[in-house]
Number of protein chains: 2
Amino acid sequence: MYTYKYPHPAVTTDCVVFGFDGSNLNLLLIERGIEPFKGKWALPGGFMNMDETAEQGAMRELQEETSIKDIYIEQFHTFTSVKRDPRERVLTIAFLAFIRQEKYEVIAGDDAAKAQWFPIDQLPELAFDHKDIITMALDKLKWKITYEPIAFRLLNKTFTMTQVQTIYEVVLGQTFDRRNFHKKMTALGYIIPTEMQSRGSGRPGTLFTFDEDKYKEQIENKKVF
Amino acid sequence: MYTYKYPHPAVTTDCVVFGFDGSNLNLLLIERGIEPFKGKWALPGGFMNMDETAEQGAMRELQEETSIKDIYIEQFHTFTSVKRDPRERVLTIAFLAFIRQEKYEVIAGDDAAKAQWFPIDQLPELAFDHKDIITMALDKLKWKITYEPIAFRLLNKTFTMTQVQTIYEVVLGQTFDRRNFHKKMTALGYIIPTEMQSRGSGRPGTLFTFDEDKYKEQIENKKVF
DNA sequence: ATCTTTTGCGTAACATTTACACAAACAATA
DNA sequence: TATTGTTTGTGTAAATGTTACGCAAAAGAT
């Protein structure tokens, strides 16, 4: 038992993990194995320990529940509604992640009965206020993809221009002219063509790669306004 | 006394309140009246109550310590380093605010010995990890001012174009061509000239006003990419 | 060999940004 | 009153970026 002079809230972390399978934007969810909301789907996450930061807690819980580890996560909002958990006062610090879906095998463990990818437009009923968290995460994703090269975290090391365009179109809900999109991307200077060619039905396309160093170099030197 | 089955962190809120006095960007700080860090300067903030959201807690503490109330605040990051408070494990949810400095009278109260504006480049030694919080708030401010019309929250209802430009120059650390800046701003469509004229040394300039409705209308219709 | 699909490149029209020039409207001063 | 200095609003040409297309090349399918 732990006692305090003043009341303290419990603190959890939750991860909104986005994946891309080539045509759909997907979200990683777990089925809750314990109450409350047992049997309902939820974001991977759980209680933070006292000897770890929120980031560390979020990554530990993600690994425990889905076996995914060693990915980059980014805090985006802390949800503090008074009655968001029926047990006691619980805040949750929410994180965003974008990963190459095929690179990580998802295996449920511990408190999670199952762990599974869901297309973003076909989500099941969710536990707690996780619907709100996902809504805010999607807004953040739309914002970030327009100003930062996060699409490439969802793709393999090498990718075709069509794959990039599909991500932008799925996330932003718009279509773009293929030829202008191609020019715009290559003009950025950090989308580098490689020697490899993609095989498919039509003319083979160049495989590109994202040059993170060149990107970082650019944002250092860019004018802001 | 409050007891829990598992350890719980304490949770505080902190407000990074920016003000503008016509030429300098300023930050609102309080002098701590109690330990730890008694006598050191700190961000206004304090422990969150169990029956309030983080936003409500932040605004309550801000009013208690500086008498400033009824302002718009916005959560930007939660700081979770394990040893950021010497007493116990304490997380802090940090908020950003931009206000018309002259509109609000700052009066210290309660746990604060003093409350005072400091130029952003002449901050005193700070308590806790508040230096880090302010650094991140400044980054966020630079990011936001380039993509959102937050400069007008720092200005009076009517303002000259020179005042707007000064804010952009101070925040971003760059200078802009006065004539192009003027055109760019008026071209936005939501910076409206009024009939009033500003009096000063040279030719009197138009007083402008920020039309929030027109701005909101625009972001609804804009193309994202 | 021909058709269909997909990719890469080109180009003209249009829009935006940048770097200035210049005059108008005031206060201060001679 | 006339001149000077300061600040503001508008104009404009050159450079740059965006948009809407046309077209041919390179593959698989028929």
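By convention in this document, chain letters (A, B, ...) are assigned in the order of the sequence lines, proteins followed by strands, and residues within each chain are numbered from 1.
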Would you say L28(B) and I99(B) make side-chain contact, with heavy atoms under 4.5 Å?
no
In whole angstrom, what separates L207(B)'s CG from dT7(D)'s C1'?
14 Å
Quick one: is dT19(D) close enough that its OP1 or OP2 comes under 4.0 Å of any side-chain N or O from K184(A)?
yes
Hey, is the main chain of N24(B) close enough, under 3.5 Å, to the side chain of D21(B) for a donor-acceptor pair?
yes
With distance as the sole criterion, is a donor-acceptor pair present between the side chains of T194(B) and T158(B) under 3.5 Å?
no
When the distance from CG of D177(A) to P of dT6(C) is rounded to whole Å, what number comes out?
15 Å
From CZ of R203(B) over to P of dA27(C), roughly how many Å is that when rounded to an integer?
13 Å
Length of the line joining K183(B):NZ and dC20(C):P, which is rounded to integer Å
13 Å
I'd like to check L29(A) versus W117(A) (side-chain heavy atoms, cut-off strictly below 4.5 Å). Are they in contact?
no
Rounded off to whole Å, could you give me the NE2-to-P distance for the H182(A) and dC9(C) pair?
6 Å
What nucleic acid atoms does T206(B) come within less than 4.0 Å of, heavy atoms only: base, sugar-phosphate, or nothing?
sugar-phosphate
I need the residues from residues 155-164 of chain B with at least one non-hydrogen atom less than 4.0 Å from DNA chain D; give them sorted by number, or say none.
T162(B)
d(CG, N180(B); P, dA21(C)) in whole Å:
13 Å
Map R199(A) and P204(B) onto DNA chain D by nearest heavy atom, then report which one ends up closer to the 5' terminus.
P204(B)
Please tabulate, for the side chains in residues 207-216 of chain A, all donor-acceptor contacts under 3.5 angstrom to protein atoms that are two or more places apart in sequence or on a different chain.
unit_1, atom_1, unit_2, atom_2, d
T209(A), OG1, K157(A), O, 3.1
D211(A), OD1, D213(A), N, 3.2
D211(A), OD1, K214(A), N, 3.1

Using a 3.5 Å distance criterion without hydrogens, assess whether the side chain of E65(A) forms a donor-acceptor pair with backbone atoms of G45(A).
yes
Specify the separation, in whole Å, of atom CZ of R179(B) and atom P of dA23(C).
14 Å
In terms of side-chain heavy atoms of S201(A), which of dT18(C), dT6(C), dT7(D) is nearest?
dT6(C)
